[in-house]
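The structure appears below as C-alpha cells.
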Amino acid sequence: YGYKLTDIINAPKEISLKGREPVTNYDKRSYGRISIHDAFRLSVNTAFVGLAEKIGSKKIITQAKKMGIDLKERGADITLGIDEVSPLDMTSMFAMVNTEGKYIEPRLITKITKNDKEIPIRKQRINFGFSKDNIPSLKLAMRSVIANGTGRAARIGNLPIIGKTGTTDNYTNAWFVGSYGNLTSTIWVGYLKGQIPMKNINGFANVAGGTIPANIFTNFLNKYLKKLYPTQYKIPLKVDLIIEPSIEEEFSVTELPADLPLDPNNPINVNPENVEVPIKEDSSKIERPIKDNEETVKIEENIDIIATE
C-alpha cells in the first residue's frame, strides 16, 4: 500500500480506540517517531495500530484472505492478533516468503484409494498472496527481529533465520514463527482451557513470544539440523542476550544494518550494482568463541518442507 521499511510513523505510548481499552506498547513507553523497520523489529503495537488506521481494516482483511487467514470485521486493533488463528494457518502464511509469495493450502491427505481405485479429492488451493518483489523487504525485516529485535533468543550462530514474535494482552498467548531455508515452524504457548496469564513460569516473570516460544524454536531447529547433518552440524553454545537500542539510520535492501548476519545465497543480500557496502564495527555484537578444534560448516538450504505445525 505504498509504505516502505524506511518510512517514519508515529509510535506514542498509547492510542485510544473506540469500544476498547487504549492500546499500549509491551514496555508501556513511547517510541516517538520510528521507522516501520524498527517498529516491526521491536514489536511496537501503537505504530501498527496507527498504520492500520491509515490503511483501513478492510484492506488488511482482504490481504489476509489471500494468505489463508480469515479475520473478522473490526477496527485498527486488527493488527494486535485478536482473532484466533491456528498454528498450522500461521505457518502456511509465513511460509509464503519461501514460495515466491504463493499461498499453498496445507494438506495432510494427498491421495485416497478404495479397492485399488483412486477417489478424487478437492483440489488444493494455491494462489499468489503478494508479489515476490516484496519478499526481500519482508525477509530483511524478519531477519532484523532475530538479529537485534524481540526474537534474539532464536538466534543460532550466524544462520540466516527469519522470524517474528507475538504476545497477546496480559500474556495469555505467546507466539514465535521462524523460518530457515524452506523449513517454517510456528510455536504457540498458552493454556487450552482458557485465556490465563502466563506469569512466573520457568524463570520468566512474563511469558512473551521472545521467551519460551523462541527457545522452543531454537531447540527444535538445532535438533532438526543435527539430524539432517549428524557429522557436520555443531549446536552452538548458549549466549547471554543483550537488548540493543533502536537503529535509527535509514537503509536500503543492499545496505543492511551492520550486525545483520549476511548470507550471499539469500536474495536480500544481492547487490545488483556490485556496490561495496561498508560494514561498521559494532561493539555490542554477540559472538561465540570458536574452539581450536572446531570446523566452520556451511549448512546448505535444501530443506524441502513447506510447512509444519
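These numbers come from the heavy atoms of this one structure, side chains and all, not from hydrogens, waters or symmetry mates.
- Considering every non-hydrogen atom in both Ile34 and Ala39, the closest pair reads CD1-N, 3.7 Å.
- For Ile69 against Met90, the heavy-atom pair with the smallest separation is CD1-N, 4.5 Å.
- Of the possible donor and acceptor atoms, none in the side chain of Thr167 sits under 3.5 Å from a partner among the backbone N and O of Ala174.
- The structure places CG of Leu140 at 11.0 Å from CZ of Arg41, a figure rounded to the nearest 0.5 Å.
- A 4.5 Å side-chain heavy-atom check between Tyr103 and Lys66 finds every atom pair outside the cut-off.
- Counting only heavy atoms from C-beta outward, the side chains of Phe130 and Gln63 approach each other to under 4.5 Å.
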- Message: Go through it in stages, so that I can follow the logic: the residues are Lys58 and Glu73, the test is side chain to side chain contact (heavy atoms under 4.5 Å, CB included), and I'd like the CA-CA distance, side-chain angles, deciding distance and then a yes or no.
- Response: CA-CA 7 Å; Lys58 288 186 177 180; Glu73 291 279 352; 4.2 Å; yes
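- Between Pro197 and Asn170, the shortest heavy-atom distance links the atoms CG-ND2, 3.1 Å.
- Of the inter-residue distances, the one linking Phe48 atom CZ with Ile9 atom CD1 reads 5.5 Å to the nearest 0.5 angstrom.
- With contacts defined as side-chain heavy-atom distances shorter than 4.5 Å, the pair Asn98/Lys139 qualifies.
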- Query: Is there a side chain to side chain contact (heavy atoms under 4.5 Å, CB included) between Arg74 and Asp83 once you walk through the steps?
  - Reply: CA-CA 10 Å; Arg74 62 176 75 253; Asp83 293 316; 2.7 Å; yes
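- Taken together through direct or relayed side-chain contacts under 4.5 Å among Ile, Leu, Val, Met, Phe, Trp and Tyr, Ile109 and Ile119 form part of one hydrophobic cluster.
- For the atom pair OG1 (Thr165) and CZ (Phe40), the distance works out to 8.5 Å, reported to the nearest 0.5 Å.
- In this structure, Phe176 and Phe217 have tilted ring planes: the angle between them lies in the 30° to 60° band.
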- Task: Dump the intermediate steps for side chain to side chain contact (heavy atoms under 4.5 Å, CB included) on Met93 and Val177, then the final yes or no.
- Result: CA-CA 10 Å; Met93 177 186 66; Val177 188; over 6 Å; no
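- Listed by first then second residue, pairs satisfying side-chain hydrogen bond (donor to acceptor under 3.5 Å, both in side chains) with a partner in residues 106-115 number zero, not counting sequence neighbours.
- Heavy atoms from other residues, nucleotides or ligands lying under 6.0 Å from CD of Glu100 number 12 at most.
- The shortest distance between side-chain heavy atoms of Thr186 and Phe94 does not fall below 4.5 Å.
- Within 6.0 Å of atom CD in Gln124, more than 12 heavy atoms from other residues, nucleotides or ligands are found, so the atom counts as buried in its surroundings.
- Here the side chains of Ser43 and Tyr26 are not in contact, with every heavy-atom distance at 4.5 Å or above.
- Not one N or O on the side chain of Asn222 forms a donor-acceptor pair closer than 3.5 Å with the backbone of Asn219.
- Linking ILVMFWY side-chain heavy atoms closer than 4.5 Å, directly or via other members, places Ile196 and Tyr171 in two distinct hydrophobic clusters.
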- Just do the side chain to side chain contact (heavy atoms under 4.5 Å, CB included) check on Asp169 and Arg20 with the steps written out, would you? CA-CA 12 Å; Asp169 290 346; Arg20 62 157 291 154; 3.6 Å; yes
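- No side-chain heavy atom of Lys4 sits less than 4.5 Å from a side-chain heavy atom of Ile36.
- Contact annotation: the side chain of Ile104 never approaches that of Pro106 to less than 4.5 Å [non-hydrogen atoms, C-beta and beyond].
- No chain of hydrophobic side-chain contacts below 4.5 Å, direct or via other Ile, Leu, Val, Met, Phe, Trp or Tyr residues, connects Val23 to Ile55.
- In terms of heavy-atom proximity, Ala153 sits nearest to Gly210 at CB-O, 3.4 Å.
- Taking all atoms of both residues into account, the shortest heavy-atom contact from Ala141 to His37 is CA-CD2, 4.4 Å.
- Taking CG from Leu80 and CG from Leu17, the interatomic distance works out to 8.0 Å, rounded to the nearest 0.5 Å.
- With Thr46 as reference, Asn25 is the one residue of Asn10, Thr24, Asn25 to meet the side chain to side chain donor-acceptor pair (under 3.5 Å) rule.
- For Lys199, the NZ atom counts as densely surrounded, since its 6.0 Å shell holds more than 12 non-hydrogen atoms of other residues, nucleotides or ligands.
- Heavy-atom neighbours of Lys65 NZ from other residues, nucleotides or ligands within 6.0 Å: at or below the threshold of 12.
- For the atom pair Ile82 CD1 and Asp77 CG, the distance stands at 3.5 Å (nearest 0.5 Å).
- The heavy-atom pair separating Leu71 from Ile61 by the smallest distance is O-CG2, 3.9 Å.
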Distance-only donor-acceptor pairs under 3.5 Å for side chains of residues 187-194, two or more places apart:
unit_1 : atom_1 : unit_2 : atom_2 : d
Trp188 : NE1    : Asn173 : OD1    : 2.9

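- Linking ILVMFWY residues whenever their side-chain heavy atoms come closer than 4.5 Å, directly or via other members, places Ile78 and Leu51 in the same cluster.
- The closest donor-acceptor contact from the side chain of Arg155 to the backbone of Ala147 lies under 3.5 Å.
- Panel note: side chain Ser137, backbone Asn134; no donor-acceptor pair is recorded below 3.5 Å.
- Residues Ile216 and Leu225 share a hydrophobic cluster, clusters being chains of Ile/Leu/Val/Met/Phe/Trp/Tyr side chains in contact below 4.5 Å.
- Separating the CG atom in Leu183 from the OG1 atom in Thr91 is a distance of 10.0 Å, to the nearest 0.5 Å.
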